[in-house]
Enquirer: 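I have a structure I would like to understand better, so I am pasting it below and will then ask my questions one at a time.
Lettering follows sequence order; numbering is per chain, from 1. Note: hydrogens, waters and symmetry copies are ignored here, and every other heavy atom, side chains too, is used.
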Amino acid sequence: MKRTHHCNELRPENIGQEVVLLGWTHSRRDLGGLIFIDIRDREGRTQTVFDPSQLSSETFEKASSLRPETVIGVKGTVRQRPEETENPKIKTGNIEVVAENLRILNTAEVLPFIIDDPEVASKVNEELRLQYRYLDLRRPEMARNLQLRSKVALETRKYFDENAFLEVETPMLFKSTPEGAREFLVPSRLAPGSFYALPQSPQQFKQILMVAGVERYYQLAKCFRDEDLRADRQPEFTQIDVEMSFIDREDIYQIIEGLLRRIWKTALDVDIPTPFPRLAYKDALNRFGIDKPDTRFGLELVDMTDEFKDSRFKVFSNTVADGGVVKAINIKGLACATQGQIETMTNHARSFGAKGLAYIKVENNEWKSPIVKFFNNSEKEALKNKLQIEEGDLILFAADKWLTACEILGKIRLYCADILQAQGKLDVPEDQYNFLWVVDFPLLSFDKEMNRWYSSHHPFTAPVEDDIPLLSKDPKAVRGQHYDIVVNGVELGGGSIRIHQRDVQKLIFEEILKIPPETAEARFGYMLEAFKFGAPPHGGIALGFDRLMAILCKTPSIRDVIAFPKTAKGTDLMTNSPAPAEPKQLRDLRLEIKKGKEQ
RNA sequence: GGGGGUGUAGCUCAACUGGUUAGAGCGCUGCCCUGUCACGGCAGAGGUUGCGGGUUCGAGUCCCGUCACUCCCGCCA
């Protein structure tokens, strides 16, 4: 039996044809004297009919004993379904295949979970789905995710090819550069005691490729980070990695906007408007309290520092006197917040080191609040005007250092948006995609505990040209030529224009980041050397391909768009990895395992 | 490393304040059924309540420990 069509192919035009379908028994409806079997393959499903008047009794018996997921081949003739029995839910619903022959290609035992009912299957414990991933992936929803991922990857390659990019593979066995994320180490057998590291990203290689004159590079690159997992973070993941020579930031924006336009059109048939808005890091924090804002809804932060700098309410005025700010947010319609919800918000504030959370509930034309008695009339008037306070509003305040105050209210903004959405008071449209570029990040951030500066992005990011003189004078004021691409509150990717002058790079390593020259030489010496021999100006970006696919597949977890993902503890429940190594393997590597507490 | 949630039949869930023989739907087994498509009908089987310990006359339920999954914080240059 050779397959003639797939299971989502037959249409009324095929009526009368003799066909062979191969696939899995999706569902069986045995009416006693007549049996319907839906045969399913990765493309879809087709109804076959077993009518005893048209087949041998053995074949009919065989059909009546089929279990779900048995692999079968059905030979038969396509015919129009009788009137009133069409099934508009499936694309092959106008026809059916009258079976003449049935071959059982393989049997299937009773399944650990149902896969033919999307309602039930989507609720199955993820542990079980991961253990039997091959069954989970047969579910049409998951098969569709895999297919869409393949389609988007292909479109990405076509797009970059059309734009004169080369896809270059970079090594998986890289060198350990213990800056940033923790790496997976790989012991070397040929050099016992030495280790490779799996790349956190191909960052250094792609810059070297620019020195090599590749000019336009891209790669669907596997990256590895040995950090704790989240719904949107796996220890191995895929990036759309890009690097270009002789460009500035605008060129990157343009090429990525084009890519995302193409992807959204291909995957969702949605036209997204370009160019994307640009938002300075500072403005993102001031307005939304986060550097990856979801701009599909308002509830923006308002600055009240000036209004409260002389307030009788000392918590506010003292904060301002210490160089801090007073920020407020009006959560429209949430005056009804419960004590528990206020408590949760207060805990958010405390997690940032704040002492508490000041609020005003506007109910029955009254401002209910423990602090409003300290406010004078002009302060009240200012609040009313700037926050446009109305009946039913909930006003929340944060008085702290600028960044902390912004971040507290940014977190609360998102928390409250969820509540309002659940109450039907706020519409956050699922099918709207608010892309934006966040730009003008500070190049450097200060680590109080370590008492030193570190790169906000990574140490290869170029400072904004005009700010280079500030590097030694006022590091915090130096803006980096860094950009993040954000959609609906998700950080989809980021990149920068890189440093291509050896002396600037050396200055950053040694003078600013205070990496000892020997260490810088050991870790990055080959880059500094490469920059001696004519490194072109260059820059690039990397997009999280799994996150991108999760958005396109409308799922909250990237596990749903990765064929074989790991659990939150980094294990693979299907293969039971990781697992102990054989003593011989350890001997070859000259490794010894120290007994832990379980021994 | 820390905090929250979950764990009861193959699957999804229920079981009041600790109290009879731990229930339901789906699935499974058998029988009936010629236009179903989540087919329908009748009957039946199926339980170490994650695991270990404790309190109690009595524990799915309370306490301690532990394991797994999950969400979040830290972490993710």
Enquirer: Just name whichever nucleotide pairs with U66(B), Watson-Crick or G-U, keeping both distances under 3.5 Å, else none.
Expert: G50(B)
Enquirer: Write down the partner of C76(B) under the Watson-Crick or G-U wobble criteria, each distance required to be under 3.5 Å.
Expert: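 For C76(B), the partner nucleotide comes out as none, under the 3.5 Å rule.
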Enquirer: How does protein reach along nucleotides 31-43 of chain B, written 5' to 3' as B (base within reach of a heavy atom under 4.0 Å), S (only sugar-phosphate), or - (no contact)?
Expert: --BBBBBBB----
Enquirer: Look at the rings of Tyr132(A) and Tyr134(A) and say which category their plane angle falls in: under 30° parallel, 30 to 60° tilted, over 60° perpendicular.
Expert: perpendicular
Enquirer: Hey, does the side chain of Thr70(A) reach the backbone of Thr25(A) with a donor-acceptor pair shorter than 3.5 angstrom?
Expert: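 Not confirmed, Thr70(A) side chain does not pair with Thr25(A) backbone.
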Enquirer: Is the phosphate of C69(B) approached by Thr571(A) (side-chain N or O, under 4.0 Å from OP1 or OP2)?
Expert: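 Yes, within the criterion.
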Enquirer: Suppose we screen for ring-ring contact (aromatic ring centres under 6.0 Å, His included). Which residues come up paired with His482(A), at least two apart in sequence or across chains?
Expert: Phe441(A), His457(A)
Enquirer: Looking at Arg233(A) and Asp228(A), does any basic side-chain N land under 4.0 Å from a carboxylate oxygen?
Expert: no
Enquirer: Please step through side-chain hydrogen bond (donor to acceptor under 3.5 Å, both in side chains) for the pair Arg523(A) and Gln204(A), ending with a clear verdict.
Expert: CA-CA 11 Å; Arg523(A) 283 183 199 163; Gln204(A) 278 123 288; over 6 Å; no
Enquirer: Between Ala568(A) and Leu111(A), which has a closest nucleotide on RNA chain B that is more 5'?
Expert: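 Result: Leu111(A).
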Enquirer: Could you tell me whether Lys411(A) contacts a base, only the sugar-phosphate backbone, or nothing, with contacts defined as non-hydrogen atoms closer than 4.0 Å?
Expert: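 Sugar-phosphate contact only.
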Enquirer: With heavy atoms under 4.0 Å as the rule, sort Arg67(A) into base, sugar-phosphate or nothing.
Expert: sugar-phosphate
Enquirer: Give Arg129(A) one of three labels, base, sugar-phosphate or nothing, depending on what nucleic acid heavy atoms sit under 4.0 Å from its own.
Expert: nothing
Enquirer: May I ask which nucleotide in the shown strands pairs with U61(B), Watson-Crick or G-U wobble, both distances under 3.5 Å?
Expert: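 Its partner: none found.
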Enquirer: Going by side-chain contact (heavy atoms from CB on, under 4.5 Å), Met345(A) matches just one of Leu357(A), Ile408(A), Leu409(A), Ile331(A). Which one?
Expert: Leu357(A)
Enquirer: Does G44(B) have a Watson-Crick or wobble mate here (both distances under 3.5 Å), and if so which one?
Expert: C28(B)
Enquirer: Where along residues 221-230 of chain A does a heavy atom fall under 4.0 Å from RNA chain B?
Expert: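 Only Arg225(A), Glu227(A), Asp228(A), Arg230(A) qualify.
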Enquirer: For Leu128(A), which contact category applies under a 4.0 Å heavy-atom criterion: base, sugar-phosphate, or nothing?
Expert: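 Here Leu128(A) touches the backbone only, sparing every base.
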